[in-house]
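To start, the structure itself, in structure tokens.
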Amino acid sequence: MLGRTANGVFWMARYLERAENTSRLLEAGFRMALTRDAEASQDEWRSLIATVGLSDAFEAANGLEYGGDKVWNFLLRDKANPGSLLAMIEAARTNARAVRTALTREVWEAVNESWMHLREALARPVREAALGPVLAMIRRQMTMVRGAMDGTMLRNEIHNFSRIGTFIERGDNTARILDVKYYVLLPSLAWVGSSLDNVQWESVLRSVSGERAYRWLNAGAMDPRGIAEFLVLDQRFPRSLAFCIEKLRSNLRGLAHEYGHETSAHELLRALGTQFHEAGIDQIFESGLHEFIHEFIAANQQVALAIETDYRFVA
Amino acid sequence: MTQAGSSFDEMFAQDGTVRPAYAGYREWYEAQDQALLRRKGAEAEGFFRSTGITFNVYGDDAGEERLIPFDMVPRIVTAREWRRLSRGIEQRVRALNAFLHDIYHRQEIIRAGRVPQRLIADNDAFLPQMIGLVPPGGIYTHIVGIDLVRTGPDDFMVLEDNARTPSGVSYMLENRETMMAMFPELFSKLSVRPVQDYPRRLAKSLAACAPDCAGSRPVVAVLTPGIYNSAYFEHAFLADQMGAELVEGSDLRVIGGRVAMRTTRGYQPIDVLYRRVDDEYLDPLSFNPASALGVPGIMDVYRAGRITIANAPGTGIADDKAIYSFMPEIVEFYTGEKPLLSNVPTWRCSEPDSLAYVLDNLAELVVKEVHGSGGYGMLIGPTSSKKEIAAFAQKLRAKPDNYIAQPTLALSTVPIFTRAGLAPRHVDLRPFVLVSPKGIEITPGGLTRVALKKGSLVVNSSQGGGTKDSWVLED
């Protein structure tokens, strides 16, 4: 396959994943804001914008007031925001169009239809009453794309590159949520067991759609260490860092098998994997959750760059 | 302008009886519920949108993608009519290739005085880089579109030859898919010759033109200018259907005397390049130095016979509108036969007598730019205002060589489906022809373009035209 095609498939998957993550974050943020006073919800919105790394762009466009409708419109559709959800869907669709021949008709149509529906739904500012339905629709559209990929694409290098894009992006997203919210999970004598803690913890879980899974696994008990362990190390949870690493590993293995050799990306990922394999949650907390997350984000990025080079994404 | 009454309707005779080609369709149509048909028409648009069959209109805002409207009444040709047409098309395509070979070699036709020297020498479509070069397989124009118009029961004329990079074949295929999805019962009731194997035939035809250095399974790639090109959908569609790579200039470079594409495993040589990039942009070293769409050095590889470029560079000299008027002579010169398909009568404005006539009769004529396409830059006398005609006359006087003129033809009509039922609209037809050393293949049917506005004669999609599925019936 062409290097440019691999690049297009990889980025299509990344943009789709990023768009979906943005909608999950918004859903959690919106719910959180509804249950709190004005000032506290401003904090929530502020940290949400920080999670996606758009604080400067947001404040340049809107000033320092983090009003809910400003935030969700900024994240969903604002032209001043090159990373808006609409811009990401558009970028995903442009990539899909450029690699049209690498996709099945069903995948292309699912991506194209998502773009058509979202463009229409986001043509005007989204009011509070419409936010829920819009977010639900985004997730439904993304689910359809995923279903089309799962059900119709050949399990070959094209599929591998697309999955790698998905899990690079997903790992990055979960890590960024942890990066912004890690202090909520740190042990603190003053707050332990307070109702605010519970709400905060649940919000972290909710932003990766993991609240029900976590409760089911832990019989309803919430504690910060357990949540961190769940998001970082639990191989069963499809948005945990460990899960993303495992998926990267199996797809890179697929590429090595098809190409008959490994590349520098394989080595980098192996090193990252070993680190995870050896780490227990106690040890992570001991040496610093924050540092651990930062190292992960950097290493994940290194793997992505190595893949782009090793497989000749650009000339 | 309206041609009502004076033009030939392909479905209904003057007395209202249905013509034989449409008898079966008419019977089916009469039994349909009109409301249901209207609903189906709306469905078709949704289908095209989600498939992404769109085109970009140049000069439009923000490169918005638009749909070419699809009309669900088929355009039908009988087996007998098609046999006659195909013989004429095949003859013409043979002549086009022979002409191209001659014009880039000994130029016998000029020596014989049948085509004037200046038409070639002063023509931008003539590429000196092609002189003396023999393309692999000896074919110049591998994929040809012949635009036909009809003015009577047996009167088909060639309006234009497309020997460079004819487009529209994806619409031919998608229109058929759409019709089969919407009205499957029509296809089980009537015997319509299939067109769906076009991509497979194209792949085979291109592979048959591969250079000697190719292996037993030649590597074919489609070269596109990219996703912002108006025909990008078609490039992707054809590559996909042929199982060929869709490449851009930035994917290609010359390595070890071959043109190679950058794959995830490294550079891989290409044997046949079906390029949808104009000559001018093909090689910045040989043509436009500013081009980023082409491949530096590809012409050297081509000269060395180590890649097939389809269509060959320089084929524009054969479909140039100034050459067009010589096609009857050209056909006769190379085939030794009388042309089976006639030309539309054409005045060459470069000739003083013709220019004088054209200037006197602008209000009745259609005047076209010699190098123009897509319906841009033309004058349709009967629908233009006095002011427009006067302005055009100025341009014509300033640069007469740049124009040809033709009578306003009474193009045939085929009904389209409207809210008020069937209504006649003017049409043309572009059959697609594949040429390889193994022979000439013509896909039965082609692309019917239809002017959707009542009375309009302009069928170009860039000017509000639509398309129809085109049927050739089995015997």
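The sequence lines fix the lettering, A, B, ..., with proteins before strands; numbering per chain opens at 1. For clarity, every value in this text was computed on a predicted model and none was experimentally measured.
The only option from A/Thr94, A/Val99, A/Asn95 that meets the side-chain contact (heavy atoms from CB on, under 4.5 Å) definition with B/Ile227 turns out to be A/Thr94.
In this structure, A/Thr101 OG1 and B/His235 NE2 are separated by 13.0 Å, a value rounded to the nearest 0.5 Å. Rounded to the nearest 0.5 Å, atoms CZ (A/Arg105) and CZ (B/Phe237) are 7.0 Å apart.
Counting non-hydrogen atoms of other residues, nucleotides and ligands closer than 6.0 Å to NZ of B/Lys40 gives a total above 12. Few gaps surround CZ on B/Arg38; more than 12 heavy atoms of other groups in view lie less than 6.0 Å from it. More than 12 heavy atoms of other residues, nucleotides or ligands sit less than 6.0 Å from atom CZ of B/Phe183.
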Could you give the side-chain donor-acceptor pairs of residues 308-315 of chain A under 3.5 Å, partners two or more places apart or in another chain?
{"unit_1": "A/Thr309", "atom_1": "OG1", "unit_2": "A/Leu305", "atom_2": "O", "d": "2.9"}
{"unit_1": "A/Asp310", "atom_1": "OD1", "unit_2": "A/Ser264", "atom_2": "OG", "d": "3.1"}
{"unit_1": "A/Asp310", "atom_1": "OD2", "unit_2": "A/Thr263", "atom_2": "OG1", "d": "2.8"}
{"unit_1": "A/Asp310", "atom_1": "OD2", "unit_2": "A/Ser264", "atom_2": "N", "d": "3.1"}
{"unit_1": "A/Asp310", "atom_1": "OD2", "unit_2": "A/Ser264", "atom_2": "OG", "d": "2.8"}
{"unit_1": "A/Asp310", "atom_1": "OD2", "unit_2": "A/Ala265", "atom_2": "N", "d": "3.0"}
{"unit_1": "A/Arg312", "atom_1": "NH1", "unit_2": "B/Thr264", "atom_2": "O", "d": "3.0"}

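Identified by a heavy-atom distance below 4.5 Å to chain B, the contributing residues of residues 148-172 of chain A are A/Glu157, A/Phe161, in residue-number order. Contacts between residues 1-23 of chain A and chain B, counted as heavy-atom pairs separated by less than 4.5 Å, involve A/Met1, A/Leu2, A/Gly3, A/Arg4, A/Ala6.
Judged as a side-chain contact (heavy atoms from CB on, under 4.5 Å), and not counting sequence neighbours, the contacts of A/Thr143 are A/Arg146.
For B/Val247, the parts lying near chain A are the backbone and the side chain together; criterion is any non-hydrogen pair under 4.5 Å. If you measure heavy-atom distances from B/Gln268 to chain A, you find no contacts under 4.5 Å at all.
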